[in-house]
Amino acid sequence: LRVEDKLFLNRYLVDAGGPHIKVRPHEKPSPNLIALTRVCPAKCYELNDKGQVEITADGCMECGTCRVLCEASGEIEWNYPRGGFGVLFKFG
Ligand code: SF4
């Protein structure tokens, strides 16, 4: 299977209104935040039309890459999803 095919097997239970990751408000993104748009394997981070980094956490695989990258800077707030929500790997 290709990686994309494997990712398609995952299922997500979205906690609507309670995203488990938030990007702290910023005027211009730091190099760290820009890097998030490239390193997230689920492509959850994007630049909006104001040039700021936004996250759509619905497809997050909870790999922790962004958490590690921003641990020192505190530019994102990262928590595990509430119980029962988030990614389900059992289908893969
Ligand atoms: Fe992307 Fe992994 Fe961060 Fe989720 S935990 S947003 S999959 S880098």
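Remember, it's 1-based here, ligands and their atoms both numbered in the order they're listed.
- Proximity of Ile21 to ligand 1, defined as any heavy-atom pair under 4.0 Å, is confined to the side chain (atoms from C-beta onward).
- Near Gly64, meaning under 4.0 Å from any of its heavy atoms, are these atoms of ligand 1: 2 (Fe), 5 (S).
- Counting heavy atoms from C-beta on, the side chains of Pro81 and Glu62 come closer than 4.5 Å.
- Near Tyr45, meaning under 4.0 Å from any of its heavy atoms, are these atoms of ligand 1: 6 (S).
- At least one N/O/S atom of Cys63, from backbone or side chain, sits under 2.8 Å from atom 2 (Fe) of ligand 1.
- Two residues are said to be in side-chain contact when any heavy atoms from C-beta on lie closer than 4.5 Å; Asn10 and Met61 meet this criterion.
- In this structure, a donor-acceptor pair under 3.5 Å is absent between the side chains of Glu46 and Thr56.
- Distance from atom 4 (Fe) of ligand 1 to its nearest protein heavy atom, with residue and atom name: Cys60 SG, 2.3 Å.
- Listed by atom number, the atoms of ligand 1 under 4.0 Å from Thr65 heavy atoms are 8 (S).
- Of the candidates Ile34, Leu33, Ile21, Val39, Ile21 is the only one forming a side chain to side chain contact (heavy atoms under 4.5 Å, CB included) with Tyr45.
- The CZ atom of Phe89 sits 11.5 Å away from the CG atom of Leu9 when rounded to the nearest 0.5 Å.
- The atoms of ligand 1 that sit less than 4.0 Å from any heavy atom of Cys66 are 3 (Fe), 5 (S), 6 (S), 8 (S).
- Considering every non-hydrogen atom in both Ala42 and Gly59, the closest pair reads CB-O, 3.4 Å.
- When each atom of ligand 1 is checked for a heavy atom of Met61 under 4.0 Å away, the hits are 4 (Fe), 7 (S).
- Taking CD from Glu27 and NZ from Lys50, the interatomic distance works out to 10.0 Å, rounded to the nearest 0.5 Å.
- Every atom of ligand 1 is numbered from 1 in the order shown, and the set under 4.0 Å from a heavy atom of Cys40 is 1 (Fe), 6 (S), 7 (S), 8 (S).
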